Amino acid sequence: AGLVATLALSACGSSDSSDDPASKGWSYKSASGETISLDHRPKRIIASASEAAGLIAYGIRPVGIYYATPPETEPGLKDVDLTGIKVIGKTWGKIDAEAAAELRPDLIVADWWPAQKAYQGFEEGVDAASLKVAKLAPTIGASQQGSLQDVLEWYEGFAKSVGVDTDTEKYTQGKQEFEDAKADFQAAVKAKPGVSALAVSPGDDLLYVAVPKYSTSLTDLKSWGLDVIDPDTPKKDFPYWEYLSWEKADKYQADFLMLDDRGYDDTIAKGERQPTWNKIAAAKAKAYTPWPGFWIHTYADYAASLQVLTKAVNDADENLA
């Protein structure tokens with residue numbers, strides 16, 4: 001009788017498993033070029049913070065997240081319900097490996113940084129403990145070089161791969177809002193072809209000038225016609241920025257500044273504390289606007305940022321620089 005019962009339970013388990021799409025094999029291509037394959041759809045995902053926003057937008061809730069910046073400066077998760085999601089890191093380079101292991105992840109989702117050939121959180125210079133997390137499960141992600149639209153499409157494709165119907169109105173609305181905002185931005189730039197912009201992040205000791213080639217959002221803005229200034233001397237081992245001493249803060253002049261919006265008010269304050277801030281014509285005129293620095297992973301967030309940038313273009317003085 002016990003043998004019969006065991007066989008019956010085994011048969012039921014086999015039948016349920018074969019009818020459950022989540023139990024079937026799964027694969028998806030990472031921006032690193034590697035295709036990640038599992039024998040089931042991923043269920044227990046650990047994600048870097050802004051990347052988690054890209055998942056949650058499609059109803060995919062990670063079991064754990066780790067931040068690259070203090071949580072209060074992470075715009076992508078500002079209004080996102082994180083109930084039930086364990087935070088396993090609150091600063092760059094420090095992920096709690098033991099806490100991560102307890103979550104039993106079957107996949108890690110993190111941006112791929114081509115210039116560093118590494119995933120977010122596992123770059124050179126992080127704590128050794130953080131690198132142990134990368135060994136818990138395969139890592140997959142979108143590329144942080146190229147078009148930001150490609151990043152959004154990668155997440156849409158990922159959602160489809162795990163069974164989300166991305167064609168429903170719930171998900172298409174944000175995409176349409178983005179397309180509308182993109183069209184408005186392009187129209188604004190076309191109406192003011194002479195407007196120039198400079199993307200910066202003021203620090204206490206240096207002014208960081210963003211290199212458009214290494215920013216997905218700036219790559220898009222340039223492709224849509226905005227004259228975004230290219231700094232001529234990026235940092236060799238970290239080419240995302242040119243590092244300027246505050247004595248040389250006026251090296252580049254533009255009609256308006258785009259300020260890294262991760263902690264936007266603090267970013268402005270850091271700039272305004274510097275005696276040379278007002279040597280930048282746009283800074284003196286307070287012609288600056290938030291710029292989404294490396295965090296956007298949803299169509300809705302991109303649409304909202306483009307609306308702000310469109311207003312900045314419309315308000316810009318083409319002769320300020």
Side-chain angles (χ1 to χ4, degrees), residues 45-57 61-100 103 108-113 116 118-134 139 141-142 144 148 151 199-210 214-217 235 238 240-241 243 257-274 288-298 300-302 304-305 308:
I45 298 173
I46 286 176
S48 183
S50 59
E51 290 87 313
L55 299 174
I56 295 172
R61 296 185 66 79
V63 294
I65 59 173
Y66 58 90
Y67 289 82
T69 60
E72 62 272 16
T73 65
E74 175 50 68
L77 294 176
K78 183 179 179 181
D79 299 314
V80 177
D81 179 12
L82 300 179
T83 303
I85 300 176
K86 187 173 181 63
V87 175
I88 57 174
K90 292 185 177 182
T91 186
W92 182 86
K94 297 182 183 295
I95 308 173
D96 187 332
E98 290 187 9
L103 295 174
I108 299 171
V109 175
D111 285 340
W112 172 254
W113 296 87
Q116 296 161 286
Y119 287 103
Q120 178 71 44
F122 309 129
E123 305 97 324
E124 182 180 351
V126 304
D127 284 0
S130 296
L131 295 177
K132 293 179 181 178
V133 176
T139 304
Q144 275 297 333
L148 181 48
V151 174
V200 299
S201 183
D204 290 325
D205 301 316
L206 296 168
L207 177 65
Y208 301 90
V209 183
Y214 291 100
S215 164
T216 55
S217 58
K235 196 169 188 297
F238 199 71
Y240 304 95
W241 308 89
Y243 292 16
L257 297 179
M258 298 186 291
L259 303 183
D260 189 340
D261 63 357
R262 293 170 293 182
Y264 184 64
D265 292 338
D266 184 54
T267 297
I268 294 174
K270 285 180 179 178
E272 292 180 340
R273 283 198 293 267
Q274 302 297 327
Y288 38 72
T289 191
W291 157 60
F294 307 102
W295 62 268
I296 286 184
H297 287 76
T298 73
D301 282 336
Y302 205 2
S305 289
V308 173

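Positions are given from 1, in the same order as the sequence printed here. This one's a predicted model, so the numbers in the text were calculated from it and none came from an experiment.
Between the side chain of Gln120 and the main chain of Ala110, no donor-acceptor pair closer than 3.5 Å is present. Looking only at distances, no side-chain donor or acceptor of Arg61 sits under 3.5 Å from a matching main-chain atom of Ile85. Listed for the Ser130 side chain is a donor-acceptor partner under 3.5 Å among the backbone atoms of Gly93. Of the possible polar contacts, none joining the Glu74 side chain to the Glu72 backbone as a donor-acceptor pair under 3.5 Å is found. Looking only at distances, no side-chain donor or acceptor of Ser201 sits under 3.5 Å from a matching main-chain atom of Asp260.
Of all non-hydrogen atoms in Val308 and Thr289, the two that sit nearest each other are CG1-OG1, 3.3 Å. A pairwise comparison of heavy atoms in Asp204 and Lys270 identifies OD1-CG, 3.7 Å as the closest pair. Considering all non-hydrogen atoms of both residues, Gln274 and Gly203 come closest at NE2-O, 4.1 Å. Closest approach of Ala134 and Thr139 over heavy atoms only: O-OG1, 4.5 Å.
Note on ring orientation: taking the six-membered ring where Trp is involved, the planes of Tyr66 and Phe122 are tilted (angle from 30° to 60°). Classified by interplanar angle (parallel below 30°, tilted 30° to 60°, perpendicular above 60°), the ring pair Phe294/Trp113 is tilted.
Proximity of Arg262 to Pro75: side-chain heavy atoms (C-beta onward) are separated by under 4.5 Å at one or more points. When side chains are defined from C-beta on, Ile56 counts as touching Pro62, because their heavy atoms get closer than 4.5 Å. Looking at Val87 and Ile65, their side chains come closer than 4.5 Å, going by heavy atoms from C-beta outward. The side-chain heavy atoms of Thr267 and Asp261, taken from C-beta on, include no pair separated by under 4.5 Å.
Of the residues Asp127, Leu103, Ile108, the one that meets the side-chain contact (heavy atoms from CB on, under 4.5 Å) test with Val133 is Ile108.
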request  = Under the side chain to side chain contact (heavy atoms under 4.5 Å, CB included) rule, what do Thr216 and Gln144 come out as? Steps first, then yes or no, please.
outcome  = CA-CA 6 Å; Thr216 55; Gln144 275 297 333; 3.7 Å; yes
message = Determine whether Trp92 and Val126 satisfy the following criterion, side chain to side chain contact (heavy atoms under 4.5 Å, CB included), listing intermediate values before the conclusion.
response = CA-CA 7 Å; Trp92 182 86; Val126 304; 3.5 Å; yes
query = Step by step, would you call Tyr67 with Lys94 a side chain to side chain contact (heavy atoms under 4.5 Å, CB included)?
reply = CA-CA 9 Å; Tyr67 289 82; Lys94 297 182 183 295; over 6 Å; no
inquiry  = Using side chain to side chain contact (heavy atoms under 4.5 Å, CB included), reason through Tyr288 and Val200 one step at a time and then give a plain yes or no.
reply    = CA-CA 10 Å; Tyr288 38 72; Val200 299; over 6 Å; no
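Expressed to the nearest 0.5 Å, how far CD of Glu51 lies from CH2 of Trp295 amounts to 12.5 Å. To the nearest 0.5 Å, atom NZ of residue Lys235 and atom OH of residue Tyr240 are 12.5 Å apart. Between the NZ atom of Lys78 and the OG1 atom of Thr73 there is a distance of 12.0 Å, given to the nearest 0.5 Å.
Under 3.5 Å, the side chains of Asp301 and Thr298 contain a donor-acceptor pair of N or O atoms.
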